[in-house]
> 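For reference, the structure I am asking about is given below.
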Amino acid sequence: MGDSERRGHGIGKNRQDLINPLTGNPYTPRYYELLKKRLKLPITTYKQKFEELLERPDVPVICVTGETGCGKSTQVSQWCMDFVNRTALTGTRRMVGHILPRRVAAMTVSQRVADEVDVQIGQQVGYHIRFEEMFSKMTQLKFLTDGMLLREIIADPFFEKYSVIIMDEIHERTLATDILLGCLKEILRQRDDLKLVIMSATLDAGKFSKYFDNAPLIAVPGKTYPVDIFYVPEPEKDYVEAAARTVVQIHLTAEEEGDILVFLTVTSKLGSTPTTFIGSRVGSDFPRTSILKVGSVIWSVGADPSNCFDSFSILLTLLLDGIAFVVDPGFSKLKVYNPRIRVESLLISSISKANAQQRAGRAGRTGPGKCFRLFTEKAYQSEMQDFVYPEILRSNLGSVILNMKKLGIDDLIHFDFVDPPSPQSLFSAMETLNYLAAINDDGDLTELGSMMAEFPLDPQLAKMVIASCEYNCSNEILSICCMLTVPQVFVRPAEARRAADESKIQFAHLDGDHLTLLNVYHAFKQHGDSPQWCYENFINFRSVQSADGIRQQLSRIMDRFSLPRRSCDFTSKDYYTNIRKALVAGFFMQTAHKEKSGHYLTIKDQQVVQLHPSTCLDHKPDWVLYNEFVVTAKNYVRTTTDIKVDWVVEIAPAYFQSENLPNCEAKRILEKVRAKLIARGRLKA
DNA sequence: GAGCACTGC
């Protein structure tokens with residue numbers, strides 16, 4: 001705590017006391033207002049202990065745990081900034097980097113800290129997230145997303161910009177965090193002037209402390225009240241119904257005041273507005289505010305069902321006090337990866353004990369609370385995992401490996417991961433990168449791979465973008481690539497499905513959905529990026545707008561590598577053919593063949609798939625390329641384009657060599673085509 | 001002929 005803070009409300013007699021050392025200006029009234037609140041935070045008691053640890057040269061890593069709301073994110077970074085200012089040697093002053101997994105969190109926490117230390121955001125305190133740089137030369141404390149730090153480390157392998165790095169919310173265990181933790185452990189061996197602060201939710205703390213050679217741990221108790229936990233006696237068949245029922249019951253019987261928080265995941269049952277679903281069962285005279293978590297969207301239920309929060313307010317809302325009841329069905333939507341068929345999908349899966357405890361904790365923020373778990377106590381005790389598997393164990397590792405190779409980490413098998421991925425999943429991703437020519441047969445990054453790593457894209461997309469220059473259609477592929485990267489371009493409101501489908505027809509390209517997306521992008525630009533036009537044509541404005549932003553970023557990267565941005569003549573018969581060939585250059589591993597029986601099999605893994613009904617293809621081509629494999633009631637390939645077998649053999653000869661292929665109809669055709677192309681001199685034997 | 005969209009660069 002600075003001198004002025006110790007004097008409480010800063011009614012110092014000496015004018016000097018009222019000067020903000022960061023700016024040289026007197027503190028504003030707002031500063032004192034916030035200071036009062038800061039002094040009451042649970043974490044404030046631990047300031048001295050933390051600072052002592054920070055000063056000790058033999059302590060490179062400090063772990064801090066505490067529940068949301070204890071103040072760790074806002075206060076610890078200020079203490080670190082003070083520390084750097086106290087100890088900074090003349091000459092180069094280094095920064096404090098505060099890493100959070102989400103953009104919104106990085107923005108809101110940095111704004112809060114800037115307010116608390118009474119500076120303008122972007123000056124001494126700033127943030128850096130994708131598409132937004134809010135910092136300057138004088139920035140001493142910078143908030144950034146983990147993905148952003150992963151970009152920075154490429155240019156600055158020892159984090160020499162920083163004196164202190166704070167890794168916050170690491171229990172979320174994003175891919176980027178896991179790579180960074182491994183890198184940081186190594187960097188700390190080589191830099192004795194770097195401090196690392198690890199912050200996580202309480203339960204996982206021991207694991208990280210141990211990983212960093214038993215780093216000292218500061219555990220901040222939460223300011224919480226007891227929460228009674230209730231279980232259902234029998235497993236619930238339909239948890240959405242059960243959740244609605246429970247909400248009604250609380251409403252009718254509970255005497256306590258307070259709001260209800262329900263954790264739901266998106267399911268078909270809920271439709272586009274879970275509000276209506278719950279609302280229809282709860283009735284309209286529902287006095288309590290229900291906040292329903294649906295993916296990343298929070299919906300409020302109550303008198304005004306249209307009153308739903310946008311994603312920016314979610315964090316703030318969830319931090320809001322006043323919740324006395326939690327209804328927890330015990331599920332969340334989780335990415336799972338099947339390495340055998342190389343498919344990532346979102347599955348509704350059971351949450352972990354740690355998740356369940358965190359959810360229950362929401363009920364005890366302002367007073368005693370109740371948590372209704374819609375699963376049995378036995379399931380909790382014996383079936384739930386302690387923690388959900390971290391993302392790195394549930395993902396296709398293509399991007400991860402590309403990133404790590406770019407950082408010069410060659411031996412991935414012996415890299416010190418907190419949770420090492422299996423050698424099989426590493427190998428399968430290496431194989432994919434090898435087919436894309438991003439790494440050579442020795443596992444070393446090629447020049448192409450090094451370039452691919454610079455693009456914030458999946459390896460296939462990066463390869464496609466770079467390859468498109470050879471096909472004279474990089475402008476078009478760039479647009480398609482961005483449209484593939486953003487969510488849900490076509491809007492289909494429940495009440496206007498037919499109108500939406502009819503509207504989509506005007507963009508439809510009969511050769512495939514990729515070209516349809518290109519048409520949408522072009523139309524969007526022709527109509528001057530108009531939100532109104534989007535609305536009228538059932539196009540998701542936010543999606544196409546962000547596609548446009550990504551496009552600008554990717555364009556700059558292309559320019560940096562002198563990759564020509566070109567289009568071939570629109571009237572040429574090759575215009576669309578070139579584009580489709582460029583698609584093949586990136587996605588040749590995601591192709592399917594129509595068997596004689598009429599159904600499609602994926603080439604490499606022989607999965608039976610169907611074209612997703614949303615496709616614009618008006619025919620069933622013999623060969624299709626797909627962007628996505630989705631598993632719902634059936635296996636579908638979504639966003640598909642008609643391709644010619646000659647192209648795949650010509651463009652990816654190594655991949656389509658027959659020894660790689662399972663014995664099937666497609667293999668025999670590919671062999672014939674191969675022989676034909678060799679005979680014509682279009683392919684080397 | 002179904003509907004199911006988690007984040008980050």
Side-chain angles (χ1 to χ4, degrees), chain A residues 99-107 128-133 144-155 169 172-180 240 264-274 293-297 311 314-315 331-337 344-349 351 388 390-392 394-395 399-400 402-403 406 452-459 461-462 482 484-494 497-498 500-501 540 542-543 546 549-550 553-554 556-557 609-618 620 628 630-639:
Chain A
I99 320 306
L100 285 152
R102 274 166 230 295
R103 294 162 52 91
V104 214
M107 275 161 60
H128 188 188
I129 57 180
R130 191 183 193 183
F131 304 126
E132 237 186 300
E133 295 184 13
L144 47 164
T145 47
D146 52 3
M148 200 47 108
L149 192 68
L150 202 52
R151 289 282 138 188
E152 285 196 354
I153 191 178
I154 293 172
E169 307 274 7
E172 291 213 10
R173 300 294 302 278
T174 63
L175 277 178
T177 294
D178 271 24
I179 301 172
L180 287 168
V240 179
L264 290 177
T265 54
V266 177
T267 71
S268 57
K269 280 208 68 164
L270 286 169
S272 54
T273 45
K293 186 170 198 311
V294 186
S296 64
V297 183
S311 61
I314 292 170
L315 284 171
F331 297 99
S332 69
K333 208 153 196 176
L334 203 65
K335 185 175 74 187
V336 288
Y337 180 60
E344 275 182 351
S345 45
L346 286 170
L347 278 189
I348 293 182
S349 348
I351 59 168
V388 167
E391 200 182 1
I392 198 160
R394 297 184 276 114
S395 305
S399 292
V400 172
L402 199 56
N403 266 313
K406 180 81 184 183
M452 282 165 63
E454 295 279 340
F455 285 87
L457 295 170
D458 280 345
L461 286 168
C482 297
L484 292 172
T485 310
V486 296
Q488 209 64 1
V489 169
F490 295 102
V491 182
R492 257 191 119 206
R497 281 177 190 167
R498 269 193 60 188
D501 289 347
N540 184 340
R542 287 178 67 167
S543 283
S546 87
I550 296 170
Q553 187 190 22
L554 298 181
R556 282 196 297 273
I557 298 172
V609 292
Q610 290 188 18
L611 303 182
H612 196 272
S614 64
T615 187
C616 287
L617 285 169
D618 69 334
K620 288 178 86 182
E628 233 182 334
V630 288
V631 187
T632 54
K634 292 176 187 153
N635 290 344
Y636 290 106
V637 286
R638 188 162 50 189
T639 316

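In what follows, chains carry the letters A, B, and so on, assigned in the order in which the sequence lines appear, proteins first and then strands, with residues in each chain numbered from 1. What you are looking at is a predicted structure, and each value in this text was computed from that prediction instead of being measured. Side chains are part of it too, since the values below use all heavy atoms of this structure and drop only hydrogens, waters and symmetry mates.
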> Which whole-number value in Å describes the distance from Leu554(A) CG to dC9(B) C1'?
10 Å

> For Phe455(A), report the nucleic acid contact type (base, sugar-phosphate, nothing); a contact means any heavy atom under 4.0 Å.
nothing

> Calculate the interatomic distance between Glu391(A) atom CD and dT7(B) atom C1'; express it in whole Å.
7 Å

> Check whether any side-chain heavy atom of Met107(A) sits under 4.5 Å from a side-chain heavy atom of Glu132(A), and report yes or no.
yes

> Determine whether Asn540(A) and Pro487(A) make a side-chain contact, defined as any pair of heavy atoms from C-beta on separated by less than 4.5 Å.
no

> Between Gln488(A) (CD) and dC4(B) (C1'), how many Å, whole number?
9 Å

> Whole angstrom is fine here: how far is it from CD in Gln553(A) over to C1' in dG8(B)?
11 Å

> Can you check whether Arg638(A) has a side-chain N or O nearer than 4.0 Å to OP1 or OP2 of dA5(B)?
yes

> Specify the separation, in whole Å, of atom CG of Asn403(A) and atom P of dC9(B).
13 Å

> To the nearest Å, how far apart are Asp146(A) CG and dC9(B) P?
8 Å

> If you assign Gln610(A) and Glu628(A) each to the DNA chain B nucleotide with the nearest heavy atom, which residue ends up on the more 5' nucleotide?
Gln610(A)

> In the structure I gave you, are the side-chain heavy atoms of His128(A) and Glu133(A) within less than 4.5 Å of one another anywhere?
yes

> So what does Ile129(A) touch, heavy atoms closer than 4.0 Å: a base, only the sugar-phosphate, or nothing?
sugar-phosphate

> Under 4.0 Å from OP1 or OP2 of dC6(B): is there any side-chain N or O of Arg394(A) that close?
no

> Between Glu172(A) and Arg102(A), is the closest basic N to carboxylate O distance under 4.0 Å?
yes

> Please give, in whole Å, the distance from dG8(B) C1' to Ile99(A) CD1?
13 Å

> Please work out if Arg497(A) contacts a base, only the sugar-phosphate, or nothing of the nucleic acid, heavy-atom cut-off 4.0 Å.
base

> Nearest 0.5 Å, please: how far is SG in Cys482(A) from CG in Leu461(A)?
9.0 Å

> Under 4.0 Å, counting only non-hydrogen atoms across every strand here, what does Thr145(A) touch: a base, just sugar-phosphate, or nothing?
sugar-phosphate

> Which nucleotide in the list dG1(B), dC9(B), dG8(B) gets nearest to the side chain of Arg102(A)?
dG8(B)

> Taking atom P of dT7(B) as reference, at what distance in whole Å does atom CD1 of Ile392(A) sit?
20 Å

> I want to check one thing: is the phosphate of dC9(B), taken as OP1 and OP2, less than 4.0 Å away from some side-chain N or O of Ser399(A)?
no

